*Asks:* 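First, the structure itself, so that you have it in front of you.
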There are 2 protein chains.
Amino acid sequence: MIDQYMLRYFLAVAELGSFGRAARSVSVTQPTLSAGIAKLERELGARLFDRDRQGVSLTPAGSRFLVRARRIAAEYEQALSEIQAVPEPRLLRVGVLGTIPTRAVEAILERHGASGADEVLELLDGGERELAERLERGRIDVALTVIRPHHARFHPEVLARERYMMVLPPEHPLAGEAQVPAEQLAQDRMALRRHCEALPEINRFFTQRGVRPRFVLKTTSDARVLAIVRAGAGIGMMPEGFADGTVRFVPVRDFELARDVGLLFASDAQVAVGRTSPFIALVRAHYRKA
Amino acid sequence: MIDQYMLRYFLAVAELGSFGRAARSVSVTQPTLSAGIAKLERELGARLFDRDRQGVSLTPAGSRFLVRARRIAAEYEQALSEIQAVPEPRLLRVGVLGTIPTRAVEAILERHGASGADEVLELLDGGERELAERLERGRIDVALTVIRPHHARFHPEVLARERYMMVLPPEHPLAGEAQVPAEQLAQDRMALRRHCEALPEINRFFTQRGVRPRFVLKTTSDARVLAIVRAGAGIGMMPEGFADGTVRFVPVRDFELARDVGLLFASDAQVAVGRTSPFIALVRAHYRKA
DNA sequence: GGTCGATCATAGACGCTGTCTATGGAAAGC
DNA sequence: GCTTTCCATAGACAGCGTCTATGATCGACC
């Protein structure tokens with residue numbers, strides 16, 4: 001069985017001349033890609049690449065196979081675009097992760113309305129698992145959410161990497177720092193976002209450093225967290241995407257956790273739709289700017 | 001992701017006009033095939049078949065896709081045959097299941113030698129698991145063994161279905177019957193093949209009928225079982241492939257257990273080799289005759 | 001010449017998904 | 001009616017593609 005993923009890996013390596021770079025370009029780890037190429041070579045019964053230092057190069061057999069592989073990939077593309085010749089009435093069902101800043105969604109929707117596109121939207125809020133399930137069942141066409149490794153089947157498109165940062169009121173003594181050590185936050189009281197996907201890791205990080213902050217609020221409302229911080233009643237921990245100028249976002253030293261925000265598509269067909277949808281274009285534009 | 005298996009299912013349904021028949025032709029169950037087509041239709045965002053009574057038929061979108069699907073399948077074929085243009089020195093490493101009758105292997109090897117083919121063979125005996133593992137690692141090219149559902153990845157090719165039958169000496173009172181009920185064998189003494197892959201099921205069958213035969217021999221040698229039977233010292237239970245004219249093979253009533261004997265290939269490449277190898281041609285011929 | 005960095009291969013664990021068996025529902029035939 | 005013949009659905013299992021962690025090998029650089 002020569003599965004599609006092997007062709008993808010092969011084309012990437014042939015183009016980039018390196019297993020590592022190819023792995024990054026197809027969003028898998030290097031061992032995964034090595035295994036994929038190894039399996040392809042076993043299936044074909046021929047070595048496709050010469051592994052030298054300073055880059056891998058195609059063997060003669062590899063060159064011949066490259067021609068075929070390109071053609072197969074092209075046929076897949078054509079089959080897809082051909083069958084979606086009639087794009088149907090433009091209804092796009094969009095799942096939006098609850099922890100995507102409301103402000104961002106609002107701004108995109110506003111522009112979408114102003115653009116006068118005849119695209120009808122159905123928006124649906126939900127958690128990570130809920131959105132994945134609805135994508136799976138074809139109940140939504142696309143989701144704006146956090147991208148995880150096991151989302152590979154949904155044709156993930158990462159739009160932005162958002163670090164988790166400390167949220168401080170502008171008048172906080174550390175608000176001007178480039179970064180703050182966890183220990184200096186022991187006195188502050190925290191607004192705790194109970195719905196945060198990174199909550200367990202954040203807790204672990206602080207307890208490992210012996211810091212056990214008191215909380216002033218437990219909530220599932222991001223707006224309320226920002227309100228508390230603005231009022232100077234506490235501090236918070238949020239993805240930088242929530243930055244809005246009224247509060248200060250400061251990285252915590254040695255805390256590298258981030259989330260990848262992006263699009264997931266229900267199917268190949270929806271990926272194709274995504275290339276023409278005005279709404280999705282606006283989503284991309286929003287994150288390119290930010 | 002439009003994986004290869006979906007294309008295989010689609011082409012089968014398009015050709016045969018029925019999910020059930022298509023499922024049989026690609027060796028999966030009907031629900032599996034239904035799920036595959038459903039997924040393909042989701043991925044493409046279009047219905048490919050109209051499900052009516054008296055047969056399914058292609059939708060317009062399905063017809064268009066059929067053209068592409070055929071082309072992709074053809075490209076796969078060409079890529080494979082092209083890369084194996086140079087077949088290398090003809091060394092074929094063959095794994096043979098221990099419970100394949102020695103007589104059969106012997107006959108095939110004899111004919112192979114007589115044919116004067118310049119194909120060098122390496123034979124290796126082993127159990128089911130051992131052979132599968134060696135195929136997996138590419139240590140053997142092909143295996144003649146029992147085919148199981150989970151061997152799908154080895155491109156299985158079933159050559160014969162062998163029922164398990166009672167082996168009786170020609171002078172046994174039941175040797176002439178078309179079939180014998182288990183209960184009438186309670187008095188006989190059995191030669192028990194300890195290496196038999198079906199031993200647990202055979203035991204279960206007899207004990208469920210309250211028959212608990214005494215054994216006269218426990219062995220891992222099929223030749224010795226046949227010797228015991230020939231000598232009239234006991235009876236045995238073996239796949240019908242062992243029939244050789246010196247003993248009688250009689251089906252046991254209500255005992256339907258059978259094994260599928262056939263070929264497994266290490267990879268796509270070896271399937272291609274299998275199309276030209278004289279040895280494999282002889283194996284196929286042997287089972288077609290029998 | 002050791003140490004570091006870069007690159008591809010290997011080992012073990014995890015979890016998605018394609019497969020199975022068992023069952024449901026709906027149309028056609030007797 | 002009852003049976004037969006389709007395809008669809010539900011739940012369970014297991015294979016394999018993926019990950020992290022580690023090893024092996026070579027070149028570069030004081």
Side-chain angles (χ1 to χ4, degrees), chain A residues 1-10 12-13 16-24 26-43 47-57 128-129 132-133 135-138 147-156 260 264 267, chain B residues 1-10 12-13 16-24 26-43 47-57 129 132-133 135-138 147-156 264 267:
Chain A
M1 297 302 164
I2 302 175
D3 275 322
Q4 200 183 229
Y5 76 97
M6 303 181 202
L7 291 184
R8 232 176 45 243
Y9 295 176
F10 171 76
V13 175
L16 297 172
S18 145
F19 279 45
R21 278 198 297 279
R24 274 190 296 279
V26 296
S27 302
V28 296
T29 59
Q30 168 267 317
T32 297
L33 188 131
S34 284
I37 297 292
K39 176 154 194 198
L40 179 60
E41 292 181 326
R42 270 217 320 275
E43 289 293 326
R47 185 145 267 247
L48 298 171
F49 294 106
D50 282 325
R51 282 84 158 166
D52 293 334
R53 309 295 129 195
Q54 59 264 25
V56 294
S57 57
E128 284 190 62
R129 288 182 60 93
E133 181 150 330
L135 279 172
E136 184 77 46
R137 313 244 169 198
I147 313 274
R148 306 281 182 197
H150 60 268
H151 286 149
R153 70 200 134 126
F154 294 130
H155 317 272
D260 287 325
L264 297 179
S267 66
Chain B
M1 298 300 166
I2 301 175
D3 276 321
Q4 200 182 231
Y5 75 97
M6 303 180 203
L7 291 184
R8 229 174 48 241
Y9 296 176
F10 171 76
V13 175
L16 297 172
S18 146
F19 279 46
R21 277 198 299 277
R24 274 190 296 279
V26 296
S27 303
V28 296
T29 59
Q30 168 268 317
T32 296
L33 187 131
S34 284
I37 297 292
K39 177 154 194 196
L40 179 59
E41 292 182 326
R42 272 218 319 275
E43 289 294 326
R47 187 146 266 247
L48 297 171
F49 294 105
D50 282 324
R51 281 85 157 164
D52 291 336
R53 308 302 128 193
Q54 60 264 24
V56 295
S57 57
R129 289 181 58 94
E133 181 150 330
L135 278 172
E136 184 77 46
R137 313 243 169 198
I147 312 273
R148 307 281 183 197
H150 60 270
H151 287 148
R153 68 201 135 126
F154 294 129
H155 316 274
L264 297 180
S267 66

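Predicted model only: the values in this text are computed from it and were never measured. Chain letters run A, B, ... following the sequence lines, proteins first, then strands; residues in each count from 1.
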*Asks:* If you take all heavy atoms of B:Arg21 and B:Leu16, which pair is closest and at what distance?
*Replies:*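 That closest heavy-atom pairing would be NH2-O, 2.9 Å.
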
*Asks:* For nucleotides 12-15 of chain D, give me every protein contact, N/O to N/O, under 3.5 Å, one pair per line with atom names.
*Replies:*
none

*Asks:* Can you identify which nucleotide, out of C:dT19, D:dC7, D:dC19, has its nearest atom closest to the B:Val56 side chain?
*Replies:*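 Output: D:dC7.
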
*Asks:* Just do the side chain to side chain contact (heavy atoms under 4.5 Å, CB included) check on B:Met1 and A:His155 with the steps written out, would you?
*Replies:* CA-CA 8 Å; B:Met1 298 300 166; A:His155 317 272; 4.2 Å; yes

*Asks:* What nucleotide, of C:dT19, D:dC7, D:dC19, holds the atom closest to the side chain of B:Tyr9?
*Replies:*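 From the listed options, C:dT19 comes nearest.
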
*Asks:* Rounded to whole angstrom units, what separation is found between the CE atom of A:Met6 and the C1' atom of D:dT18?
*Replies:*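 Taking CE of A:Met6 and C1' of D:dT18, I get 14 Å after rounding.
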
*Asks:* For DNA chain C, which residues in residues 33-42 of chain A have a heavy atom at a distance below 4.0 Å?
*Replies:*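 The stretch gives A:Ser34 as the residues lying under 4.0 Å from the strand, ordered by number.
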
*Asks:* Please report the interatomic distance CG(B:Leu264) to CD1(B:Ile147), rounded to the nearest 0.5 Å.
*Replies:*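 Result: 4.0 Å between the selected atoms.
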
*Asks:* Tell me the interatomic distance from B:Leu7, atom CG, to C:dG18, atom P, rounded to whole angstroms.
*Replies:*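 The answer, rounded to whole Å, is 13 Å.
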
*Asks:* Output the rounded distance in Å from CZ (B:Arg148) to C1' (C:dC20).
*Replies:*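 In whole Å, C:dC20 C1' and B:Arg148 CZ are 15 Å from each other.
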
*Asks:* When you measure from the side chain of B:Arg51, which nucleotide among D:dA8, D:dC19, C:dC20 comes out closest?
*Replies:*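 Taking heavy atoms from C-beta onward, the closest nucleotide is D:dA8.
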
*Asks:* Relative to the 5' end of DNA chain C, which residue comes earlier, B:Arg137 or B:Thr29, by the nucleotide with the nearest heavy atom?
*Replies:*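 Result: B:Arg137.
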
*Asks:* Using whole Å, what does the distance between atom P of nucleotide C:dG18 and atom CD of A:Gln4 come to?
*Replies:*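 It works out to 12 Å between those atoms.
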
*Asks:* So, for A:Val26 and A:Ala12, which heavy atoms are closest and what is the spacing to 0.1 Å?
*Replies:*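 Looking at all heavy atoms of both residues, the shortest contact is CG1-CB, 3.8 Å.
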
*Asks:* Taking atom C1' of D:dG17 as reference, at what distance in whole Å does atom CD of A:Glu43 sit?
*Replies:*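 To the nearest whole Å, that distance equals 14 Å.
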
*Asks:* Considering residues at least two apart in sequence or located in another chain, which fulfil the side chain to side chain donor-acceptor pair (under 3.5 Å) criterion with B:Gln4?
*Replies:*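 With sequence neighbours excluded, B:Gln4 shows a side chain to side chain donor-acceptor pair (under 3.5 Å) to no residue whatsoever.
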
*Asks:* In whole angstrom, give the distance that lies between atom CE of A:Met1 and atom C1' of D:dC16.
*Replies:*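 The answer, rounded to whole Å, is 14 Å.
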
*Asks:* Rounded to the nearest 0.5 Å, how far apart are CG of B:Leu135 and CZ of B:Phe154?
*Replies:*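 With rounding to 0.5 Å, CG (B:Leu135) is 5.0 Å from CZ (B:Phe154).
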
*Asks:* With sequence neighbours excluded, what pairs up with A:Ser27 under the side chain to side chain donor-acceptor pair (under 3.5 Å) test?
*Replies:*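 Partners of A:Ser27 under the side chain to side chain donor-acceptor pair (under 3.5 Å) test: none.
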
*Asks:* Is any side-chain heavy atom of B:Leu40 closer than 4.5 Å to one of B:Tyr9?
*Replies:*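 The answer is no; the side chains never approach within 4.5 Å.
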
*Asks:* Between B:Thr32 and C:dG18, is there a contact of a side-chain N or O with OP1 or OP2 at under 4.0 Å?
*Replies:*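 No, no such contact exists.
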
*Asks:* Of all the nucleotides listed (C:dC20, D:dC19, D:dG17), which has the minimum atom distance to the side chain of A:Tyr5?
*Replies:*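 Looking only at side-chain atoms, A:Tyr5 lies closest to D:dG17.
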
*Asks:* Could you pick out which residue, B:Ser18 or A:Asp3, lies toward the 5' side of DNA chain D when each is mapped onto its nearest nucleotide?
*Replies:*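 That would be B:Ser18.
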
*Asks:* What is the distance, rounded to the nearest whole Å, between atom NE2 of B:His151 and atom C1' of C:dT19?
*Replies:*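 In whole Å, C:dT19 C1' lies 15 Å from B:His151 NE2.
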
*Asks:* Excluding sequence neighbours, so at least two apart, what forms side chain to side chain donor-acceptor pair (under 3.5 Å) with B:His151?
*Replies:*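 Residues passing side chain to side chain donor-acceptor pair (under 3.5 Å) with B:His151: none at all.
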
*Asks:* CD1 of B:Ile2 versus C1' of C:dG18: gap in Å, rounded?
*Replies:*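 Taking CD1 of B:Ile2 and C1' of C:dG18, I get 17 Å after rounding.
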
*Asks:* What string of B, S and - do you get for nucleotides 23-30 of chain C, 5' to 3', if B is base contact, S is sugar-phosphate-only contact and - is no contact with any protein heavy atom under 4.0 Å?
*Replies:* ----SS--

*Asks:* Would you give the length of the straight line joining atom OG of A:Ser18 to atom CD of A:Gln30, rounded to the nearest 0.5 angstrom?
*Replies:*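 So the gap between those two atoms works out to 9.0 Å.
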
*Asks:* Taking side chain as C-beta onward, heavy atoms only, is B:Glu41 less than 4.5 Å from B:Met6?
*Replies:*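 They are not in contact (no side-chain heavy atoms under 4.5 Å apart), so the answer is no.
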
*Asks:* For the atom pair CZ (B:Phe19) and CG (B:Leu33), what is the distance rounded to the nearest 0.5 Å?
*Replies:*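 It is 6.5 Å, given to the nearest 0.5 Å.
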
